[in-house]
Amino acid sequence: MEDKLLLIPGPTNLTPRVREAMAGPQLPHVGSQFYSMFKETVALARYVFRNEKGVQFVFTGSGTIGMESSVVSLVAHGDRTLTLMNGYFGHRMLMLNQVHGAHADSIDHPNGEAADPDALRSQLQKNRYSVVFMTHVDTSSSVVNPVEELVEECQKAGVLSVVDSVCAIGGVPLDFDRLGADIVFTASQKALAGPPGAVLVAASQQAIEFMEKRKDPIESYYMNLLRWKPIMDDPRMYLATPATQVIMALREAMMEVKEEGIENRWARHRKLGEMTRSQVEEWGQRFVAEEGHRADTVTSFWVQKENAGEIQGTLEKEHGIMIARGLYEERDKMLRIGHFGILTTETLRGALDDIDLVMRETGAVAGGVKATTSDKKR
Ligand SMILES: Cc1ncc(COP(=O)(O)O)c(C=O)c1O
């Protein structure tokens, strides 16, 4: 099967090393070899989250399991929670709160507008909430929220905070210990450049104590973080069979993150973001996310001609590049370029030139095909 350049907001391309990690012999999940590899995986997860003080979890599941396990582990029926919404994943977080019986309030920002710490402060003064949920980068709108300020408001009000950092960790700066949020989670297939299938969660000691002292039991077997806690210390204990190949590949991917250095990785993503944004500006298309709050991992923009499908299809067929469209009713109107993981600035430059060509060929950008772009190689 031919490899395509994945510029969708996850999953992303894998290095040969990561792919090889999945192709080895099947290991028993309770054997000594997997045991030590798993312990290394948890230690590497601590490195990428900068989590020395809290509890670190890695287990099988997609990012949605991170969302739902934080809801179910912290929220009991009837608890009053607040979700900050400015894109599809904020809506999903609200829905999960409703599914699990919370009295779920929200602050509804228009898609692409960053969550406002002042609005959060005044909402926290109006009602007593148990937990505030927020998205770090909402992949649908590519807005990056000011999580430091938002978490600070929660801390001042004595409210637990949960940050969905699925589309950020590894590509956007985050320091779990300094941030002071109670739960932060991500998934393997985004900026960490592993295959899909593992969820990584960091929880503060305060969050763990809160779960331990809850009056109502946590209403889940698999998504109960307290059940996973002892497994992180001794993975030979059995809770559910881990996707061993995925965990081994994630370990390899995070070793690559460490070799690059997390700060260097953030700086590379900053450049990838800047390059993509300046290209969108050159095309004269409108960003979905407001200025000053555009993520370095994904860029969403409105396509004036509403021919996102044509552009996406042509790019895949003629250039082997996959980009994403908007979600649901925004499918034709929006394009999203994912730029994270192992992507280099050179590869991105070549790909942006190819996208430029297709944007012009399909009439999404006025001005015809630039002579210089036609024979660029990735
Ligand atoms: C911000 C955000 N949160 C949660 C999720 C859900 O993750 P998954 O699709 O791995 O379940 C995604 C997926 O793209 C995401 O971008």
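Order of appearance sets the numbers: ligands from 1, and atoms from 1 within every ligand.
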Q | Atom CD of Glu212 with >12 non-hydrogen neighbours under 6.0 angstrom | A | yes
(Q) Given Asp296, which partner from the list Arg277, His339, His269 fulfils the side-chain hydrogen bond (donor to acceptor under 3.5 Å, both in side chains) test? (A) Arg277
**Q.** Exceeds 12 heavy-atom contacts within 6.0 angstrom, atom OH of Tyr221
**A.** yes
Q.
Checking side-chain hydrogen bond (donor to acceptor under 3.5 Å, both in side chains) between Arg349 and each of Thr347, Asp353, Thr345, which is the one that passes?
A. Asp353
Q) Near ligand 1, which residues have a heavy atom under 4.0 Å away from one of its atoms? A) Ser62, Gly63, Thr64, Met67, Phe89, Arg92, Thr135, Val137, Thr139, Asp164, Val166, Gln189, Lys190
Q: List for me each residue that meets side chain to side chain donor-acceptor pair (under 3.5 Å) alongside Asp138, sequence neighbours excluded, and say none if there are none.
A: Ser140
(Q) Between the side chains of Glu263 and Arg50, is the shortest nitrogen-to-carboxylate-oxygen separation below 4.0 Å, so that they form an ion pair? (A) yes
